[in-house]
Asker: 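Have a look at this one before I ask anything.
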Amino acid sequence: MADCLDGNVLAAKSFARFGVTHMFGVVGIPVTGLANRAVQLGIRFIAFHNEQSAGYAASAYGYLTGRPGLLLTVSGPGCVHGLAGLSNAMINTWPMVMISGSSDQKDSGRGDFQELDQIEAVKPFSKFSVKAIDIKEIPDCVARVLDPAVSGRPGGCYLDLPTDVLHQTITESEAEKLLTEVEKGRVFEATKAPPSSEIEKAVSVLRKAERPLIVFGKGAAYARAEGELKKLVERTGIPFLPTPMGKGLVNDDHELAASAARSLAIGKCDVALVVGARLNWLLHFGESPKWDKDVKFILVDVSEEEIKLRKPHLGLVGDAKKVLEMINKEIKDDPFCLGKSHPWVEAISKKVKDNVSKMEAQLAKDVVPFNFLTPMRIIRDAILGVGSPAPVVVSEGANTMDVGRSVLVQTEPRTRLDAGTWGTMGVGLGYCIAAAVANPERLVVAVEGDSGFGFSAMEVETLVRYKLPVVVIVFNNGGVYGGDRRSPEEVSGPFKDDPAPTSFVPGAAYHTLIEAFGGKGYLVGTPDELKSALSESFSARKPVVINVIIDPFAGAESGRMQHKN
């Protein structure tokens, strides 16, 4: 009999043949064989403790590399846990593919082991989902989930592999024939670009503006538009404002950066060119009172639906890099530049200088017990001290993320990962692992609140197991927002002696967690201790947890989102 292979091998072969190099997940029935075969075929498999973190890693890997991040889960509850990552990819518009094993097809509807209609379960969170009903369908199904994940507006796709299909066999030659056919038939979408007449209109609106602003987000980062963006900013002298994850596309310290004068920039601009950022809650929906009621938006987005939803003055549907290239070309033929003495540029730059010097005065103080600013300044300086390639900063938490956003400086593109469009807590360690795997040349530094860290803290073992150069800094203030914030009259009822819903065990020894697995932990409470821990761990480039003790009353409830809580 000819050499045969089963569904596990064929699935692994399909992924490897179609360009997959990494997979994240949690193995078990029925997908352990698939993970092992994938490793044999040259795919790096990063095994996690839970599917939620593995899914967050897959989604961030998709963003950082521009290729689909793969999550492998077991059936039923594994698939449900994986939805955290799939939904995160959908909301942030990052390419991802979730692959779940599922129960035996012949036992469907009878209460089989971990049975669930997984195709139905993933529907709200996937661009496309498909179940391989027979082994011969596997190569085609693999291509059909990989391709839409990256085409148009990126997002998550889902592949369902039933147990019986994974156990079916076909001959090597049949498998090769199927793989070759599918490979030949793959069609990739061309990069979208708007007509040149629309580009001319956009440039004309920008040219006539008195107070123009360029806003860019993680869509521009995903499109690798940094070169064209920098060219546009420097050619036209227009101030710019990045969204939190757009930081670093143009250096945060650039003289035209308006982040420190955000309210003035968005409140007074008359034309805003918005590239790869949506006018959602992060940008106040583009509405007054935060924005001027007469502001003209020029929206650059890969999705036509997004532009129809926002109804801007002008919409340019296309890939951010391509569109900016066209805009730059149009401007080159008839250049214009605001110049440093332009009243708008002067107003922004004066406001930036005022706000930065106020912030620097706060940062210059060494406050012990630590507030949020003192350790954040020390961390900022240590990260800047690394130079290039700059570390990837992963940030989550309420106060920790808010303070970090305004204090930490991004000098290079795609070096900031945070809670993103959805404000997702629990992404920390998954994102760290994705960043370390996607950018092996970069150090990864996580700046986490103790509550944010708690969601995925067990993954510090994963850092140690794969020897990843990740330094996790935990701002430990004893709970969500920081310990017990209740007024005396709020402490009543039969369970009044219980800890507050926001409280954790005070003085928790988070640094010892990583030591249990052979990593290095530091406990710090003074500037010198923190500087020394950062210096040692940055040069060692090994897995570390630094437990930074913060005054429990230093932060604010809900960070900067009090109005929502």
Asker: Provide the closest heavy-atom pair for Val352 versus Ala258 in the form atom of the first, atom of the second, distance.
Answerer: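 Shortest heavy-atom contact: CG2-CA, 4.2 Å.
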Asker: Has Glu226 got a side-chain atom pairing as donor or acceptor with Ala221's backbone, closer than 3.5 angstrom?
Answerer: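 Side chain of Glu226 to backbone of Ala221, a donor-acceptor pair under 3.5 Å: no, none is there.
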Asker: Would you call the rings of Phe372 and Phe475 parallel, tilted or perpendicular, taking 30° and 60° as the class edges?
Answerer: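 Taking Phe475 first and then Phe372, their aromatic rings lie parallel (interplane angle under 30°).
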Asker: State whether a side-chain donor-acceptor pair under 3.5 Å links Glu412 with Ser388.
Answerer: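 Result is yes, a qualifying pair exists.
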Asker: Is it the case that over 12 heavy atoms from other parts of the model lie below 6.0 angstrom from the NZ atom of Lys531?
Answerer: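 Enclosed.
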Asker: Measure across Ile546 and Ser537 and return the closest heavy-atom pair with its distance rounded to 0.1 Å.
Answerer: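 Result for this residue pair: CD1-OG, 3.8 Å.
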Asker: Can you tell me if Leu41 has over 12 outside heavy atoms packed within less than 6.0 Å of its CG?
Answerer: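 For Leu41, atom CG is crowded (more than 12 foreign heavy atoms under 6.0 Å).
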Asker: Consider only side-chain N and O atoms of Lys218 and Thr421, and report whether a donor and an acceptor are under 3.5 Å apart.
Answerer: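 Side chains of Lys218 and Thr421: pair found under 3.5 Å.
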Asker: May I ask you to test the Tyr222-Val302 pair for a side-chain heavy-atom distance under 4.5 Å?
Answerer: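 Heavy-atom side-chain distance check fails, nothing below 4.5 Å.
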Asker: Under the 3.5 angstrom rule, does the side chain of Tyr466 hit a backbone N or O of Ala47 as a donor-acceptor pair?
Answerer: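 Checked: pair present.
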Asker: For the backbone of Glu441 and the side chain of Asn439, can you confirm whether one donor and one acceptor N or O come within less than 3.5 Å of each other?
Answerer: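 Not confirmed, Asn439 side chain does not pair with Glu441 backbone.
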Asker: When rounded to the nearest 0.5 angstrom, what is the spacing between CD1 in Ile99 and CE in Met23?
Answerer: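 Spacing of CD1 (Ile99) from CE (Met23) equals 4.5 Å.
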Asker: Is the backbone of Ala261 close enough, under 3.5 Å, to the side chain of Asn355 for a donor and an acceptor to pair up by distance?
Answerer: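 Checking the backbone N and O of Ala261 against the side chain of Asn355, no donor-acceptor pair under 3.5 Å is found.
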Asker: Donor-acceptor pair, Arg377 side chain versus Leu363 backbone, under 3.5 Å?
Answerer: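 Side chain of Arg377 to backbone of Leu363, a donor-acceptor pair under 3.5 Å: yes, one is there.
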Asker: Between Gln410 and Asp252 (side chain of the first, backbone of the second, donor and acceptor by atom type, cut-off under 3.5 Å), is there such a pair?
Answerer: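 Not a single qualifying donor-acceptor pair exists.
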Asker: Cut-off 3.5 Å, side chains only: do Tyr522 and Glu536 have a donor facing an acceptor?
Answerer: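 Result is yes, a qualifying pair exists.
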Asker: Would you say that Pro413 contacts Leu249 through its side chain, given a criterion of any heavy-atom pair below 4.5 Å between the two side chains?
Answerer: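 They are in side-chain contact.
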Asker: Hey, is the main chain of Val393 close enough, under 3.5 Å, to the side chain of Thr415 for a donor-acceptor pair?
Answerer: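 Answer holds: no.
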Asker: To check you understand the geometry: which heavy-atom pair defines the closest contact between Leu417 and Ala435, and what is its length?
Answerer: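 That closest heavy-atom pairing would be CD1-CB, 4.2 Å.
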Asker: Kindly give the heavy-atom pair with the smallest separation between Phe553 and Asp484, and that separation in Å.
Answerer: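 Closest heavy-atom pair between Phe553 and Asp484: CE2-O, 3.8 Å.
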Asker: How close do Arg278 and Leu283 get, heavy atom to heavy atom, and via which atoms?
Answerer: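 For Arg278 versus Leu283, the nearest heavy atoms are O-CD1, 3.6 Å.
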Asker: Side chains of Gln114 and Ser75: any donor to acceptor distance under 3.5 Å?
Answerer: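 Yes, because at least one side-chain N or O of Ser75 sits under 3.5 Å from a partner of the opposite role on Gln114.
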Asker: Show, in sequence, the C-alpha distance, side-chain angles and deciding distance for Leu523 and Ile549, and conclude whether the side-chain contact (heavy atoms from CB on, under 4.5 Å) test is met.
Answerer: CA-CA 8 Å; Leu523 172 64; Ile549 303 298; 3.8 Å; yes
Asker: Hey, are the side chains of Tyr431 and Ser59 touching, using non-hydrogen atoms and a 4.5 Å cut-off?
Answerer: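 Contact flag for Tyr431/Ser59 side chains = yes.
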Asker: With a cut-off of 6.0 Å (strictly less than), are more than 12 heavy atoms of other residues, nucleotides or ligands near NZ of Lys321?
Answerer: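 No, NZ of Lys321 has 12 or fewer neighbouring heavy atoms, counting only those of other groups under 6.0 Å.
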Asker: Does the Asp551 side chain pair with the main chain of Asn371, one donor and one acceptor, at a distance under 3.5 Å?
Answerer: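 Not confirmed, Asp551 side chain does not pair with Asn371 backbone.
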Asker: In Å, rounded to the nearest 0.5 Å, how long is the span from OH of Tyr56 to OG of Ser87?
Answerer: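 Result: 6.0 Å between the selected atoms.
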Asker: Side-chain contact, heavy-atom cut-off 4.5 Å: Pro95 with Lys127?
Answerer: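 A side-chain contact is absent here, since even the closest heavy-atom pair is not under 4.5 Å.
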Asker: Look only at the side chain of Glu461 and the backbone of Met458, and say whether a donor-acceptor pair between them is shorter than 3.5 Å.
Answerer: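 Judged by distance alone, no pair lies under 3.5 Å.
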Asker: Examine the side chains of Arg67 and Tyr61 and answer whether a donor and an acceptor come within less than 3.5 Å of each other.
Answerer: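 Yes, because at least one side-chain N or O of Arg67 sits under 3.5 Å from a partner of the opposite role on Tyr61.
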Asker: Charged N to carboxylate O below 4.0 Å: is that the case for Arg405 and Asp402?
Answerer: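 Salt bridge present between Arg405 and Asp402.
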Asker: So does Ala84 get a backbone contact from the side chain of Gln52, meaning a donor-acceptor N/O pair under 3.5 Å?
Answerer: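 Checked: no pair found.
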Asker: Could you pull out the closest heavy-atom pair between Arg224 and Leu64, with the gap in Å?
Answerer: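 Scanning both residues, the minimum pair turns out to be NH2-O, 2.7 Å.
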